[in-house]
Engineer: 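Shown below is the structure under consideration.
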Amino acid sequence: MLAAQGRRVACAVSGGVDSAVAALLLRRRGYQVTGVFMKNWDPLDEQGACSVDKDCEDAYRVCQKLDIPFHQVSYVKEYWNEVFSDLLKEYELGRTPNPDILCNKHIKFNYFLHYAMDNLGADAIATGHYARTSLEDEEVFQQKHTKRPQKLFRNRFEVRNSWVQVKKHSMGVCFIGKRNFENFLLEYLEPQPGNFVSIEDKKVMGRHKGWFLFTIGQRARLAGLKEAWFVVDKDVNTGDVFVFAVFYKGDECLGSGKILRIGPSVYTLQQGKNREESPKKEEIDKIEPAT
């Protein structure tokens, strides 16, 4: 690991707890830390709201509190051309991409890295992401697990530093954030309506706005149905998305994410129920004809 004394580190700050803690720890260890907020998504490009301006304000306040320099850079064009455009192309082909991988490759470890080194004179960059590498201090991985309070989540580093705003963990696309992803994609891709079709009896179970919106193994939420239906196949030509019902007993899954053979489903169970309710052939033969 870099010797802290005199070393400059550019820390990507988002305005959230994780990046603030990363900057705080680096500063406590003696590094000359500079906070950098990256704007990689333009909220004017979509109909919905984007929190980029609020996040930038939060990041600025974090840097003020830590008494470190603050810089803002924009990679909106680069993100669109090298990350988001690829995401759209992959969805159009029926594949589910991982844009965060391209974001790391092209944005964080390319544009941000070169900006930090060439413009800020940084020796290294840092983020608030979780990573385990051979270069980390051992103490980072020796800390005891602290149980999360049930009512209010508080990061263990944030308890005595309440100036950091507690935010929900971001599970959305890198730099775009969490949102209704189906509606978001349909702002950029043409809808291709089709049917949800049961893989067993070919019965139409519902309608969808585009086969490319679904990933094999993903749960398909079908209106009016309580059972858990999952996507098992897609037909690009017809636009049909084939689904299969899986049953749960409490938290125990009675089905399989990978179908090796047809198991318990709505259709097979109903067929069995019908057979049980209908009279057996032997019983029918014994019925005397009416006179």
Side-chain angles (χ1 to χ4, degrees), residues 1-46 49-84 99-131 133 135-137 140 155 157-158 161-170 172-178:
M1 193 172 183
L2 290 169
Q5 194 64 33
R7 295 288 187 172
R8 298 178 180 179
V9 177
C11 183
V13 288
S14 64
V17 172
D18 294 340
S19 60
V21 169
L24 174 64
L25 292 179
L26 289 167
R27 189 173 181 278
R28 284 180 176 177
R29 293 176 184 178
Y31 292 99
Q32 296 181 25
V33 183
T34 297
V36 180
F37 179 85
M38 288 179 280
K39 180 180 179 181
N40 301 308
W41 186 254
D42 191 343
L44 298 179
D45 287 336
E46 59 175 306
C50 185
S51 62
V52 62
D53 294 332
K54 179 64 167 60
D55 292 340
C56 184
E57 293 176 7
D58 293 340
Y60 175 70
R61 283 196 290 268
V62 166
C63 291
Q64 278 188 316
K65 190 69 179 182
L66 291 176
D67 193 24
I68 62 176
F70 173 80
H71 292 266
Q72 179 182 356
V73 291
S74 176
Y75 298 127
V76 172
K77 180 180 178 181
E78 293 81 357
Y79 186 87
W80 180 278
N81 291 334
E82 301 183 40
V83 180
F84 191 67
D100 292 3
I101 294 176
L102 289 181
C103 181
N104 287 337
K105 177 181 178 180
H106 296 297
I107 306 300
K108 293 191 184 80
F109 301 139
N110 183 20
Y111 294 112
F112 174 48
L113 174 62
H114 285 99
Y115 171 81
M117 296 175 64
D118 299 339
N119 296 75
L120 304 179
D123 299 295
I125 61 173
T127 72
H129 294 79
Y130 300 98
T133 77
L135 300 178
E136 292 287 352
D137 293 342
V140 173
N155 185 288
F157 295 105
E158 190 266 342
N161 297 280
S162 57
W163 43 268
V164 179
Q165 182 179 356
V166 179
K167 297 182 179 182
K168 293 182 178 180
H169 287 288
S170 173
V173 178
C174 188
F175 291 118
I176 295 179
K178 187 176 182 179

Engineer: Take Val76 and Lys39 through the side chain to side chain contact (heavy atoms under 4.5 Å, CB included) test and state the conclusion after the steps.
Structural biologist: CA-CA 6 Å; Val76 172; Lys39 180 180 179 181; 4.2 Å; yes
Engineer: Heavy atoms, side chains only, cut-off 4.5 Å: are Val36 and Val13 in contact?
Structural biologist: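 No, every pair of side-chain atoms sits at 4.5 Å or beyond.
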Engineer: Apply side chain to side chain contact (heavy atoms under 4.5 Å, CB included) to residues Met38 and Ile107 and explain how you reach the verdict.
Structural biologist: CA-CA 9 Å; Met38 288 179 280; Ile107 306 300; 4.2 Å; yes
Engineer: What distance separates Leu102 CG from Lys108 NZ, expressed to the nearest 0.5 Å?
Structural biologist: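 Leu102 CG to Lys108 NZ: 11.0 Å, rounded to 0.5 Å.
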Engineer: In Å, rounded to the nearest 0.5 Å, how long is the span from CZ of Arg27 to CD1 of Ile68?
Structural biologist: 8.0 Å
Engineer: Tell me whether the rings of Tyr79 and Phe84 are parallel (<30°), tilted (30 to 60°) or perpendicular (>60°).
Structural biologist: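 Ring orientation of Tyr79 relative to Phe84: parallel.
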Engineer: Would you kindly say whether Glu82 and Tyr75 are connected by a side-chain donor-acceptor distance under 3.5 Å?
Structural biologist: no
Engineer: So, for Cys63 and Pro69, which heavy atoms are closest and what is the spacing to 0.1 Å?
Structural biologist: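 Closest approach of Cys63 to Pro69: SG-O, 4.1 Å.
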Engineer: State, to 0.1 Å, how close His106 and Tyr111 come at their nearest heavy-atom pair, and which atoms those are.
Structural biologist: O-CD1, 2.8 Å
Engineer: To the nearest 0.5 Å, what is the distance between CD on Glu78 and CG on Asn40?
Structural biologist: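 One finds 8.5 Å between CD of Glu78 and CG of Asn40.
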Engineer: Keeping the roles fixed (side chain from His114, backbone from Asn110), state whether a donor-acceptor pair exists under 3.5 Å.
Structural biologist: yes
Engineer: Could you report the tightest heavy-atom contact between Phe37 and Ser14, atom names first, then the distance?
Structural biologist: CE1-O, 4.0 Å
Engineer: Report the C-alpha separation of Arg8 and Leu120 in whole Å, then their side-chain angles, then the decisive distance to 0.1 Å, and conclude whether the side chain to side chain contact (heavy atoms under 4.5 Å, CB included) test is met.
Structural biologist: CA-CA 9 Å; Arg8 298 178 180 179; Leu120 304 179; over 6 Å; no
Engineer: For residues Cys56 and Gln72, report the shortest heavy-atom separation together with the two atoms involved.
Structural biologist: SG-OE1, 3.5 Å
Engineer: Looking only at non-hydrogen atoms, find the nearest pair between Gly16 and Ser19 and report the distance.
Structural biologist: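 Looking at all heavy atoms of both residues, the closest pair is O-OG, 3.6 Å.
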Engineer: How about Arg61 and Asp58: do any of their side-chain heavy atoms sit closer than 4.5 Å?
Structural biologist: yes
Engineer: Quick one: closest heavy-atom pair of Asp18 and Gly128, and the distance?
Structural biologist: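 In this case the closest contact between Asp18 and Gly128 is CB-O, 3.4 Å.
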Engineer: Ring-plane angle category for Phe70 and Tyr60, please: parallel below 30°, perpendicular beyond 60°, tilted otherwise.
Structural biologist: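 It falls in the perpendicular class, over 60°.
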Engineer: Can you find a heavy atom in the side chain of Ile125 that is under 4.5 Å from one in the side chain of Val9?
Structural biologist: no
Engineer: Would you sort out whether Thr34 and Cys11 count as a side chain to side chain contact (heavy atoms under 4.5 Å, CB included), showing the intermediate values?
Structural biologist: CA-CA 6 Å; Thr34 297; Cys11 183; over 6 Å; no
